[in-house]
Every structure is written in C-alpha cells, then in structure tokens.
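A note on names: the letters A, B, ... follow the listed sequences, proteins ahead of strands, and every chain is numbered from 1. From a predicted model like this one, the values you see are computed outputs, not experimental measurements. Computation of the quantities below employed the complete heavy-atom set of this structure, encompassing side-chain atoms and omitting hydrogens, waters and symmetry-equivalent molecules.
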Amino acid sequence: MEISVLGGGFKQVITCLSHLPSLSSPSSSLPSTTRAKSSHLTSATPPLHKESQIEPTHVSVTPRKRYHSVAYKARQSAILEVQQSSDLGSALARLGDILKVQDLNVILRHFGKLCRWQDLSQLFDWMQKHEKITFSSYSSYIKFMGKSLNPIKALEIYNSIQDESVRNNVSVCNSVLSCLARNGKFESSLKLFHQMKQDGLRPDAVTYSTLLAGCMKVKHGYSKALELVREMECSRLPMDSVIYGTLLAVCASNNRCKEAENYFNQMKDEGHLPNVFHYSSLLNAYSADGDYKKADMLVQDMKSAGLVPNKVILTTLLKVYVRGGLFEKSRELLAELEDLGYAEDEMPYCLLMDGLAKSRRILEAKSIFEGMKKKQVKSDGYCYSIMISAFCRGGLLKEAKQLARDFEATYDKYDLVMLNTMICAYCRAGEMESVMQMMRKMDELAISPDWNTFHILIKYFCKEKLYLLAYRTMEDMHNKGHQPEEELCSSLISHLGKIRAHSQAFSVYNMLRYSKRTMCKALHEKILHILVAGRLLKDAYVVVKDNEGLISKPSIKKFATAFMKSGNVNLINDVMKAIHGSGYKIDQELFQMAVTRYIAEPEKKELLLHLLQWMPGQGYVVDSSTRNMILKNSHLFGRQLIAEMLSKQHARAKALISN
DNA sequence: TTAGGGTTAG
C-alpha cells in the first residue's frame, strides 16, 4: 500500500532486495513515514555514495545500478552484519575475507559516527594486522581519536606510520593537525605542521582552515592567523567561505573589529554569500566596543539578504546595546527576545543587569532581577551573583547579604563564580565568620579564588590587621599562578615590616620581583630597610647588588653600616665592591669598621689583604687612624706584606694629592 | 572519497 506512492524504481528495488534475508529486514522494519520520506531517493540524482554504503537497502536506485553482482551483495550484507554484530572479533574472523578495504573503511566510519570507540579501535587494529588499510583509514581513525579526546593516541598512530606516502598524505596530515588543534594543543599542531612541510607535505586549503580554527582559542591568535593567510596567498590557494568564516571568528575573539569588517567585505566582493555565522562573528566583533550603529546596520543588511536574525544574533545585539549604554533600546530588545521565546534562560537578563550595575544603575538592575524572578525564568544562580556584586558595588551591603542568604537557601550547589561573589560580598560587609565559611567551602570543593577575589581577601585581611593571614593568602595566590598587583604587594610589605615579619615581607617582595610585572624603585628601598631592620643582611645584600643605581645613598649607607657591623665577615669585601659598583663613594668609617672586623678574626687575613690591595685601584686609601690600627696589629697578618700594601696606598695617596 | 569553520553569556 505504501509502496504504491513511491516510484516504480523503488518498488522494484524493494522486491529485488527482499530476496536477501539480511537486507530485507531493516527496510521492512522502517515505519511507513520514514519510507515515504525516503522517496526522494527515487529522483534522478543518486544518493550520496557515503549514505549508500552505510545503508545498503537504499543503494542502487538509479536504473543503471539496479542489479548488482552476487559478490557485491554479499559484501554489502557482510558490512551490515559486522556493524550489527555483538561480537566484532568473530564477525571479522568470519567475514573479513569477503570485505574489501573500502568496506572496512565504511564500517570504521560507522563506528566513529556512533562513538563506538572500543569497536573502532578493535577494527582498526584488525585492519592493520591484516594489512587491509589505506590512507583514508588512517585519516578517519585519527579524526575520531580527536573527537574522543585522545590526541596522544592519534599522535602515536601517526608516528607509527612507516609508509612515507601515507605519512605525507594531505588528508592524514589534516586529521592529525585538526585533532591536536581541537584538543587545545595548538602550539604542537603548528610545530608538527612545519615538520610535515619539511617532510614533503603540500598543504591544501583544508590544512590552513584547520590551523586557522586553532588560532581562535589562543593568545596572539590573530597574528598567527595572519601568517597562515599570507602563506596561503603565497601558495596561491584561494580563500573560500569556510576559511572566511574561521577568520571572522578569529578576528572577533581577538577584538579585531576593523579587520573583521575588512574580511567580511572582501568575502562579499569575491562573491561568497555570508551566512548567519558570518554575520554573527562580525556582530560579535562590533560588540567589543559597543558600536551599536554599525551593529544595527549589519542586522538590517542581514535581513535584506533574506536571513532571519536568530537567538544568537539578537542576544549579541543586546550585548552591543548594553555595552554602548543604550539601556532603553536594550529593554525593548529584551522584550522582543521574550516575545520570540528567546529569553527562556537568565542570560539576556543577566547581560542587561550586569550592564546596568556597571553603570551604577543598581535599582534598575534590581527591577530587571525582580521581573525575571516573577516570570520564573530558568536560572542556575548566575543572576544572584550579578546582583550580589551589584549591591556591593552600590554600597547596599544589607541587600547583598540578604541576597547571599537567599541564594544559600535556594541553591545548595556553589560554583566558582558564586563562591567568589559571596566572598567578595562578605568581605565588603565585614562578615569575617561568613568569609571564613565560604573559604572553607571553597577548600572542600577544591576551588580556588580568582584573581580579583584574592585581592579583595588580602585587602580585607589587611584592613582587619590580620597581616599574617593576608600574607598566607598571598602566598596561596602566588602558588596558584596569579600575579598580585604591585600596589597590594607594596602595602602588604609595609604592614609585614611593621609587625616585624621581615622574612614574610621579603617573600612578598620576591613574588613580585620574579613575576613579569614592573616594579617601582621605591619598593627596593622599602624592602632594604625592612631587611636591615630584621638583620637579614645577606638578603639585603642581594637586593643592593640586584638593583644597582636604584637605591638612594642614605639607604646604602644604612645597609653598609649594618653589614660592616654584624654581616657575614666573608661577604664584607663583596659588599664593598657592590656598593662601590652602584656608584656609592665608600667613606672611611666603613673601611674602619671592616678592618676592625678583620682584626677581630685574624684567620680572615687573606680577606683584609685583598681589601687593601683592591682599594687603591678604585681611588681609596685608608686614613691615618685605620692605618695605625692595622700597623698595631700587623703581627697578625704578616708585617712584611702589610708594610708593602700600606706603602702602595701611601704612594697612591700622594699621587692623588699632586693631581 | 579523505580532511576544514563558526556565533551569545561568568
């Protein structure tokens, strides 16, 4: 009955196939609607080859291919049997001989599409073992490895390929590169790409498209993308609409608004029609600087081209309006989103609330929040975190606290953003107990505060004069890979200095020093004072040595005096050289102190002799009282040597005077 | 006959 609505060709195929028991069953089990839908297969255009191999029942609808050889039918039936078998191993043992490589590839792709990773690997291993494998087997298998998030395995497979023609096959290479790029290993994929080219790969447009897609998620992605585009141009590979799409997305994610616009126009000039995604990327680029005039024009242009703005387009437009401070227009657009059923979750509301809050229009944000709660919009708590921050920002701490409590009562699940928000709210409200409670919760969930929250916590602890707690928090922050702001470090260093936590102060100084941030000069001097006060003279020496020319003379004098008095005697000469090197003119008092230390420790006589020898070369000579002191104790050092050195210094002094 | 892209919102 159903068959009568179909063309005669299809009817005949059904009749013909029904002779084969294994093939007739899937077809007859189709519901009648599905069969009716399949009627397009009776049209003159043959179905995709791909499809025909996976579903042999739909094969050969064109009259020319209506009848197949027995061997062909046997293969098709074997493909189905292997695909449906519950014991792949035995199915392959039974049917492997009938199946050609291309049949096995069909099965391989079938498993991949259905995410049957176990079967996929088992089949691939079998194919390798029986040497029934082609480059397309590798290409498909590696692609699916990438989808199953196993880039290491994919790379292993690729590296194990011995046959050079397969290794350099462009589609195999593209698969590997795509697999690395999509699994966040963009740098590795670029490296491999260069290696592949050296080994003989001739990249095609797909190769470049793959690599360009990787540029989206990385830092400096835009400049990398430009390099790739230039390389493409040099190889005379034409741009197509896919590549333009990728490029636009790269521009958008790197805030390259002007460039996105240029590519968009270039694309149109070359005759490629932009689709919703192209528009969306460009619109997203506009949203970065809130250019609502351009955004409006673009959406208009899109409509004239016959495209209907979808949820993403309209939400992005809302973002543009919010960024541009057009709150009235934003409200109207939000209403439109609601009418279209595009505001079923909290996101568009949050966008607007956040924008209002950032413009200090807290009460307006609050009214949006209340409106969305009244409408019972689906929320996972994000709107709470926005409003709690908003209340904090507006100094409405009571409201913030109340909302935090509401949130705690409604949701028992905390996520990173919420915990950060709550900690910030409680810090602002001065609720130490609640802050600690939230921190414990973070600990339990193995979540760590974000950069901003760390700052707020540290500032809060400083305000409460809990400097050691602030220090431990900063240490934690540093260990988690965050770089604290210089100003915060500087103030914590001062506080720690005041409570005589000298080594902790030095540790904060070092966190800053070994980060890539620039440091203001005064900080070196500040830490130097703290270290000197704490008698951490060796550390102080390192600070002086590492910051030649950045420390004032009085500070150097203070340090040097402290060092000569009680620093490590073995480093006295080094300190002399360091302060001289930083342009400080060493005075007699310091020399006298140094000599006194050496006299007290005669076993260090080599050091004294070294100092005396070094002095004249730098224009220094000992004064008479130091000289007398040395002479008085010269038996400790060897009279002859001392006499020689002092006479050298004397000669130098005379020369200096006559000059 | 194999490989490629993409949108919003922490």
Could you check which of [options] has an atom nearest any side-chain atom of [X]?
X	options	answer
A:Ser139	B:dT8, B:dG6, B:dA3	B:dA3
A:Ser171	B:dT7, B:dG5, B:dA3	B:dA3
A:Ser136	B:dG6, B:dT1, B:dA3	B:dT1
A:Val242	B:dT7, B:dG5, B:dA3	B:dG5
A:Asn284	B:dT1, B:dG5, B:dT8	B:dT8

* To do: Mind running a 4.0 Å heavy-atom check of residues 200-222 of chain A against DNA chain B and sending the residues that fall below it, in number order?
  => A:Asp204, A:Val206, A:Ser209, A:Thr210, A:Ala213, A:Met216
With a cut-off of 3.5 Å and sequence neighbours excluded, list every side-chain donor-acceptor pair involving residues 378-389 of chain A.
unit_1, atom_1, unit_2, atom_2, d
A:Ser379, OG, A:Glu346, OE1, 2.9
A:Ser379, OG, A:Gly381, N, 2.9
A:Ser379, OG, A:Tyr411, OH, 3.3
A:Tyr384, OH, A:Lys373, NZ, 3.2
A:Ser385, OG, A:Tyr382, O, 3.1
A:Ser389, OG, A:Ser385, O, 2.9

With a 4.0 Å cut-off on heavy atoms, is [X] in touch with a base, just the backbone sugar-phosphate, or nothing at all?
X	value
A:Asn169	nothing
A:Ser241	base
A:Ile243	base
A:Phe135	base
A:Ser280	base

* To do: Answer with yes or no after comparing the ring centroid distance for A:Phe264 and A:Tyr279 against a 6.0 Å cut-off, counting only values under it.
  => yes
* Asked: Does the side chain of A:Thr316 come under 3.5 Å of the side chain of A:Tyr286 through a donor N or O and an acceptor N or O?
  -> no
* Validate the cation-pi geometry between A:Arg361 and A:Phe327: distance from NZ or CZ to the six-membered ring centre under 6.0 Å, angle to the ring axis within 45°. => no
* **Spacing of SG belonging to A:Cys251 relative to OH belonging to A:Tyr222, to within rounding of 0.5 Å** => 5.0 Å
* Structure fact -> Across all chains, not counting sequence neighbours, the salt bridge (Lys or Arg N to Asp or Glu O under 4.0 Å) partners of A:Glu328 are A:Arg331
